[in-house]
Each structure stands twice: as C-alpha cells, then as structure tokens.
Amino acid sequence: MRFSAVIVAAGSGSRAGAETPKQWRDLAGKPVVRWSVEALLGAGAEKIALVVRPEDRATAEAALAGLPRWSLADGGATRSGSVRNGLAAAAGAEAVLIHDAARPFVTAAHVANLLKALETSEGAIPALPVSDTLKRQVGDRIETTPRDGLWRAQTPQAFRLDALNSAYAAWPGDSEPTDDAAVIERAGGRVALTPGDPLLMKLTYPEDFPMAERLAGAARIARIGMGLDAHRFGDGDGVWLCGVKIAHDKCLIGHSDADAGLHALTDAILGAIGEGDIGDHFPPTDPQWKGASSDIFLVHALKLVQAKGGRLANVDVTLVCERPKIKPHRQAMRQRLAELLDLPLDRVSVKATTTEGMGFAGREEGLAAQAVACVEMPV
Ligand code: CTP
Ligand code: MG
C-alpha cells in the first residue's frame, strides 16, 4: 500500500530538561528527527510532512539536509493541532503514517506490519502489553489496578487518510486526543493492534537519552560493497582519477571520462545497497554518457543510498598502476571525493600500488582501481 507520513516535531520537549527541544538534539551522530525521516523514507514513504514550530524551520532544514521527499508544515499549540496541519500536507495519499519525531527507532518492519493491518481496518497502531503492575494513587493511599487487556500505544500509527480526516472533523473542539487512534475509535472505526517494540520508545525524560544512545546501534545495519574497474591507456596528455585530472603522457580510453577510481567507487556503493552496477544505471550504449564526467555516476549512487534512508560511513579506493605516480595527488583526490560524497576527510581513503611490473598494469597497458564502501542502513 502506498503511503505518506506526517512526523510531528513541534513540541518544546519540556520534560526532557534541555534547552534544545529533544527532536533537534544529537543522537549517536545525527539529529533525533533525522532517524525517523531516514527510516520512513527507507520504508517507502512517498512524501513526508515534518511539522515544526515556525522558529525551528532553519534547524529542521539543517537536520534533514540532503534527504529527499520532505516538506515542512507549521506546528499547532497541541500535538493534535500539529497533526491536523500535517494531514493537510498529506492530501491525496491513500494511507498516512503519523509519527512522533521523539521516537527515533522506527523500522521498515514496523511499517510493513501496520500497512498489512490497514488492509482490514481504518487504523493500525503498534502496541505493547503492559507488563508492570499498575498502581493508582488515591489521596495518600495507593490501589492496584488490573492490567488485563491494557496496552501501551506507540507510533507510527497508520490510517486510511479519508477515515482519519473525517474522524478529526467530528472530534469535539473542547477536548484533546492523546493519540490519533483515539480519534478513529471515537468515530466508531476499527483500530488494529500490531506488535509494539521497545525500540519504539519515546524520548521523554533526560534519562531516556543515554538509553537511546545504547539502542542506536541496534537500529542500523552496516553493509559493505566492493567495486573493480580497469581502463586501457591511449594517446593523450592526462588521466582523470578519483575526480582529479593528472598530467601524464597518456590518457585513459573509455566511453565516459574513464575515471576508473570513480567507477570502482560507484560500483562499491551500488553493491552495498544491492542496486546492480554502474552499467545498469548509465548504459555505455547511451550516447548521453559519452565523455561524461564520472562525478555524475558517483553522486547518483550516493543519492540512492540517501533515498533508502542510509548514509555512507566510509570509502576506500586503491589505484593500481606503475605510472602516473599517485602519491603527489592523493590528498587532492581524497578532498575531491570527500566533497562529492559530503564526508569528512578521515572517512575517505585513496591508496595506490604497483604490481611490480607484472600483468597489464605492470606493462602499462592500462590501470585498475578497486574500492570498498561501507553504508549504514536502517534495519
Ligand atoms: N508535538 C507537536 N506539537 C505540539 C506538541 C507536541 O508536534 N504542540 C510533538 C512533539 O514534538 C513530539 C510528539 O508530538 O515529537 C510527542 O509529544 P511529546 O513527547 O509530549 O513531546 P513534547 O510536547 O515536545 O514534550 P513535553 O510534553 O515534555 O513538553
Ligand atoms: Mg507534550
């Protein structure tokens, strides 16, 4: 089922006790809100409306830099006010997922369960059975409350958009729902329960942050890809390698600029995300890639990673040739790759080796490049 998402991030995070609202704080290397946006993009959200306070727009834009298919909507005075504003931005979708920005560890598996349940109901929510004994304080006494049949509702919550819009239209103005399923329940719609998950915890109190830092590792998976490319030398006055032109008494022959370093690296990234190889995306038979700068191929592969909710962790390229000598140009190559991939320099490595005069590289018939890329993807 196709779906859009609304992520509410217009609260002030007063219980979390920090000056910066919790959704903008750093969690294991990136803003809390970015976790959810990347994961929902990776789970196939067609578009995402992020609902924020007007004064937080610039912060939100910085937090989501480089990610596709999102837009901002203005927050309301209450959570449900924010949801209503976000729903307007989701117009036209069949299904909508409504999610708290403060729950960073949503996964594609959670989303798949919700969408499946939505085939037979108006709403679906992840819920956990209450496992602790419940106490109610009445004056200076406490009583024990039966917990049978009680569930803790989490987000994302999934709805058929038409049903949710009409239920919200019928909700009384003088009261405030504590989640969106409550609105469907009141309108008489069916809400299905899907398996909740401790990973869907909501960052609420200061002590939730250290706990979330520890969970962060469990919500991402590292994937590795490798690439290999070789090009033949021809008559010319220089070669392109890793996005840098180096003067030489030969050139490299190829359909594009024959930058074997960028080609190997592009294949490594595509390999890490199971997206075939460079020829699938840029067929050598297609005249539009004749003489093309291979930067385009690399940036395309990076965009695919980001569209799946992932990010590059590091890359490592090895160039195999007798000449030109690579060492004087290594730093420039690293810098160019870091720039193209938007990575810090220490996550980009370029190395070189000869083959001691053996084989095609040794005879200087051509040169080769190998590359490895590591990406972090949502589980
Ligand atoms: N939220 C919102 N608009 C509001 C209030 C809350 O978009 N007017 C969002 C929050 O940003 C959060 C989610 O709703 O992602 C769940 O709310 P909660 O955990 O209560 O967050 P805050 O309201 O920000 O925190 P607190 O209640 O501690 O102030
Ligand atoms: Mg609140």
K.L.:
Any idea which heavy atoms bring I125 and A153 closest together, and the distance?
P.N.:
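Distance-wise, the nearest heavy atoms are CD1-CB, 3.9 Å.
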
K.L.:
Looking at the rings of H263 and F297, which for Trp means the six-membered one, are their centres under 6.0 Å apart?
P.N.:
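Ring-ring flag for H263/F297: true, centres closer than 6.0 Å.
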
K.L.:
Can you confirm whether H99 sits close enough to V106 that some side-chain heavy atom of one is under 4.5 Å from a side-chain heavy atom of the other?
P.N.:
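In contact.
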
K.L.:
Using a distance-only test with no angle check, is there a side-chain donor-acceptor pair under 3.5 angstrom linking D316 and S349?
P.N.:
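Yes, S349 and D316 have a side-chain donor paired with an acceptor closer than 3.5 Å.
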
K.L.:
Is it true that R79 and D179 have a side-chain N and a carboxylate O under 4.0 angstrom from each other?
P.N.:
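The answer is no: the pair does not qualify as a salt bridge.
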
K.L.:
Report the relative orientation of the aromatic rings in F105 and W35; use parallel for angles under 30°, tilted for 30 to 60°, perpendicular for over 60°.
P.N.:
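It falls in the perpendicular class, over 60°.
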
K.L.:
Contact between I269 and L298 at the side-chain level, heavy atoms closer than 4.5 Å - yes or no?
P.N.:
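The answer is yes, as the side chains (C-beta and beyond) meet within the 4.5 Å cut-off.
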
K.L.:
Tell me if a side-chain donor or acceptor on R34 pairs with a main-chain N or O of A65 at a distance below 3.5 Å.
P.N.:
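Side chain of R34 to backbone of A65: a pair is present.
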
K.L.:
Within the side chain of D56, is there an N or O that forms a donor-acceptor pair under 3.5 Å with the backbone of T59?
P.N.:
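It does not hold such a pair.
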
K.L.:
Ignoring hydrogens and angles, tell me if any N or O in the side chain of D100 forms a donor-acceptor pair with the backbone of A102 under 3.5 Å.
P.N.:
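Not at all, since once roles are kept as given, no pair shorter than 3.5 Å links the two residues.
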
K.L.:
Which atoms form the tightest heavy-atom contact between R160 and M1, and what is the distance?
P.N.:
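For R160 versus M1, the nearest heavy atoms are NH2-CE, 3.6 Å.
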
K.L.:
Shortest non-hydrogen contact from E213 to D26?
P.N.:
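The pair with the smallest heavy-atom distance is OE2-O, 3.9 Å.
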
K.L.:
Flag the pair W171 / S80 as yes when at least one side-chain heavy-atom distance between them is below 4.5 Å, and no otherwise.
P.N.:
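A side-chain contact is absent here, since even the closest heavy-atom pair is not under 4.5 Å.
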
K.L.:
With a cut-off of under 6.0 Å to the ring centre and 45° to the axis, is R25 in cation-pi contact with F209?
P.N.:
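So R25 does make the cation-pi contact.
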
K.L.:
Are a donor atom and an acceptor atom from the side chains of H248 and D237 found within less than 3.5 Å of each other?
P.N.:
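No, D237 and H248 have no side-chain donor paired with an acceptor closer than 3.5 Å.
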
K.L.:
Find out whether L134 and T144 are in side-chain contact, i.e. whether some heavy atom of one side chain is under 4.5 Å from a heavy atom of the other.
P.N.:
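No, every pair of side-chain atoms sits at 4.5 Å or beyond.
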
K.L.:
Might you work through the side-chain hydrogen bond (donor to acceptor under 3.5 Å, both in side chains) test for E176 and T78, ending with a clear yes or no?
P.N.:
CA-CA 8 Å; E176 176 67 15; T78 60; 3.2 Å; yes

K.L.:
Within the 4.5 Å heavy-atom criterion, are Q335 and L345 side-chain neighbours or not?
P.N.:
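Q335 reaches L345 side chain to side chain.
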
K.L.:
With a 6.0 Å cut-off (strictly less than), is the heavy-atom count around NZ of K351, excluding the residue itself, greater than 12?
P.N.:
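For K351, atom NZ is crowded (more than 12 foreign heavy atoms under 6.0 Å).
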
K.L.:
Is Q157 reaching over with its side chain to a backbone N or O of I98, donor-acceptor style, under 3.5 angstrom?
P.N.:
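Side chain of Q157 to backbone of I98: no pair is present.
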
K.L.:
Are T133 and R147 close enough that some pair of their side-chain heavy atoms sits under 4.5 Å apart?
P.N.:
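With C-beta onward as the side chain, the pair touches.
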
K.L.:
Are the aromatic rings of F282 and H255 close, with centres under 6.0 Å apart?
P.N.:
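That pair fails the under 6.0 Å test.
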
K.L.:
Are the charged groups of K308 and E275 less than 4.0 angstrom apart, N to O?
P.N.:
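A salt bridge is present here (some side-chain N lies under 4.0 Å from a carboxylate O).
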
K.L.:
Given the rule in the side-chain contact (heavy atoms from CB on, under 4.5 Å) test, do L341 and L265 qualify, once you have shown the distances and angles that lead to the verdict?
P.N.:
CA-CA 11 Å; L341 296 172; L265 186 49; 4.2 Å; yes

K.L.:
Treating E46 as the side-chain partner and R2 as the backbone partner, does any N or O pair qualify as donor plus acceptor under 3.5 Å?
P.N.:
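Pair absent, no side-chain N/O of E46 close to backbone of R2.
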
K.L.:
Can you tell me if D286 uses its side chain to pair, donor with acceptor, with the backbone of P283 under 3.5 Å?
P.N.:
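Answer holds: no.
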
K.L.:
Using modelled atom types only, decide if a donor and an acceptor are shared between the side chain of E322 and the backbone of G357 within a distance under 3.5 Å.
P.N.:
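Looks like yes, one N/O pair under 3.5 Å.
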
K.L.:
Okay, side chain of D208, backbone of Y205: is any donor-acceptor separation there less than 3.5 Å?
P.N.:
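The answer is yes, because a donor-acceptor pair under 3.5 Å joins these two groups.
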
K.L.:
Do E185 and R190 sit within salt-bridge range, that is, some charged N less than 4.0 Å from a carboxylate O?
P.N.:
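Looking at E185 and R190, the cut-off is not met.
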
K.L.:
For residues A369 and A264, report the shortest heavy-atom separation together with the two atoms involved.
P.N.:
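Closest approach of A369 to A264, heavy atoms only: O-CB, 3.5 Å.
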
K.L.:
State plainly whether the residues D257 and K245 are in salt-bridge range, i.e. N to O under 4.0 Å.
P.N.:
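Salt bridge absent between D257 and K245.
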
K.L.:
Tell me whether D277 contacts the main-chain N or O of D267 through its side chain, where contact means a donor paired with an acceptor under 3.5 Å.
P.N.:
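No, the answer is negative, given that no donor and acceptor are paired below the 3.5 Å cut-off.
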
K.L.:
Does the side-chain contact (heavy atoms from CB on, under 4.5 Å) test come out yes or no for I184 and R186, once each step is laid out?
P.N.:
CA-CA 5 Å; I184 290 282; R186 186 179 179 280; over 6 Å; no

K.L.:
Starting from the C-alpha separation in whole Å, work towards a yes-or-no answer on side-chain contact (heavy atoms from CB on, under 4.5 Å) for V317 and Q370.
P.N.:
CA-CA 6 Å; V317 182; Q370 288 187 328; over 6 Å; no

K.L.:
Grab the two heavy atoms, one from N85 and one from D74, that are nearest each other, plus how far apart they are.
P.N.:
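Closest pair (atom of N85, atom of D74, distance): ND2-O, 2.6 Å.
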
K.L.:
Does any part of the side chain of L367, heavy atoms only, come nearer than 4.5 Å to the side chain of R232, both counted from C-beta?
P.N.:
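R232 does not reach L367 side chain to side chain.
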
K.L.:
Is V111 reachable from L67 through a run of hydrophobic residues whose side-chain heavy atoms are each under 4.5 Å from the next?
P.N.:
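They do share one cluster, since a chain of ILVMFWY contacts under 4.5 Å joins L67 to V111.
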
K.L.:
One thing to verify: whether R220 and E38 come together as a salt bridge, which I'm taking to mean a side-chain N less than 4.0 angstrom from a carboxylate O.
P.N.:
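Judged by the 4.0 Å cut-off on N to carboxylate O distance, E38 and R220 do form a salt bridge.
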
K.L.:
Between R347 and V315, is there a side-chain heavy-atom distance shorter than 4.5 Å?
P.N.:
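Contact flag for V315/R347 side chains = no.
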
K.L.:
Before accepting this row, confirm whether a basic side-chain N of the pair D342/R311 lies closer than 4.0 Å to the acidic partner's carboxylate O.
P.N.:
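No salt bridge links D342 with R311.
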
K.L.:
Return the minimal non-hydrogen interatomic distance between L164 and F159, and the atom names on each side.
P.N.:
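Shortest heavy-atom contact: CD2-CD1, 3.7 Å.
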
K.L.:
Between T204 and K202, is there a donor-acceptor pair closer than 3.5 Å when you use the side chain of the first and the backbone of the second?
P.N.:
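Checked: pair present.
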
K.L.:
Tell me whether the count of non-hydrogen atoms from other residues, nucleotides or ligands lying under 6.0 Å of CG in D235 goes above 12.
P.N.:
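Open: at most 12 neighbouring heavy atoms sit under 6.0 Å from CG of D235.
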
K.L.:
Working note: S71 + K47, criterion side-chain hydrogen bond (donor to acceptor under 3.5 Å, both in side chains); need CA distance, chi angles, decisive distance, verdict.
P.N.:
CA-CA 8 Å; S71 60; K47 52 182 185 168; over 6 Å; no

K.L.:
Might you confirm whether atom CZ of R69 has over 12 heavy atoms from other residues, nucleotides or ligands at distances under 6.0 Å?
P.N.:
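More than 12 within 6.0 Å, yes.
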
